[in-house]
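Here the structure comes first, spelled out in C-alpha cells, and everything after it is commentary.
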Amino acid sequence: MGRGQRALHLVSAYAAEYGPAVCMTLDDYPTFGGIIGIGRAIVDQTGMSYHDAGQAIGYSVSELCPRHMGLLARFIATNTHRTPVAGVA
C-alpha cells in the first residue's frame with residue numbers, strides 16, 4: 001500500500017471511530033479554535049500530518065455532522081485561500 005492509500009485508510013478509519021467525538025467537540029466549540037484544537041489533538045494522538053487530520057475532520061463533518069459544514073468551509077477558505085470541495089478539508 002502506497003503512502004497515499006495508507007493515509008486515506010488512516011483518515012477513513014479515524015473518522016469512522018472518532019467522528020462522533022469530532023462532532024461533539026464542534027457542538028461545544030463551534031469556532032475556528034475548535035477546529036484547530038481537534039486538528040492538534042489528532043496530530044498529537046495519531047502522528048498524522050495536519051493535512052490528513054484536516055481530511056479526517058472533513059470526513060467526520062461531512063458524514064456525521066453536516067450542520068458544521070459552513071464553519072468548516074469558512075475555516076478552509078480563510079486558512080488556505082481555497083474553496084472546499086464536497087466536505088473534504
Between Gly39 and Ala53 the two heavy atoms that sit nearest each other are O-CB, 3.9 Å
Pairwise distance CD1(Ile35) to CG(Leu71) - rounded to 0.5 angstrom: 4.0 Å
Would a single hydrophobic cluster contain both Tyr18 and Ile36, if residues Ile, Leu, Val, Met, Phe, Trp and Tyr are joined by side-chain heavy-atom contacts under 4.5 Å? yes
Set of side-chain contact (heavy atoms from CB on, under 4.5 Å) partners for Cys65, sequence neighbours left out: Cys23, Val61, Arg67, His68
Quick one: CG on Asp52 to CD1 on Ile57, what's the gap to the nearest 0.5 Å? 11.0 Å
Check: Ala56 main-chain N/O paired with Ser60 side-chain donor or acceptor under 3.5 Å: yes
Under a single-linkage definition using a 4.5 Å side-chain heavy-atom cutoff for Ile, Leu, Val, Met, Phe, Trp and Tyr, are Phe32 and Leu72 assigned to the same hydrophobic cluster? yes
Residue pairs involving residues 29-40 (criterion side-chain hydrogen bond (donor to acceptor under 3.5 Å, both in side chains); sequence neighbours excluded): none
Could you please spell out the steps behind the side chain to side chain contact (heavy atoms under 4.5 Å, CB included) verdict for Gln55 and Tyr14? CA-CA 10 Å; Gln55 292 279 352; Tyr14 185 92; over 6 Å; no
Main chain of Phe75, side chain of Asn79: is a donor-acceptor contact present, judged purely on distance under 3.5 Å? yes
Who else is in the cluster with Val43 when I, L, V, M, F, W and Y are joined by side-chain contacts under 4.5 Å? Tyr50
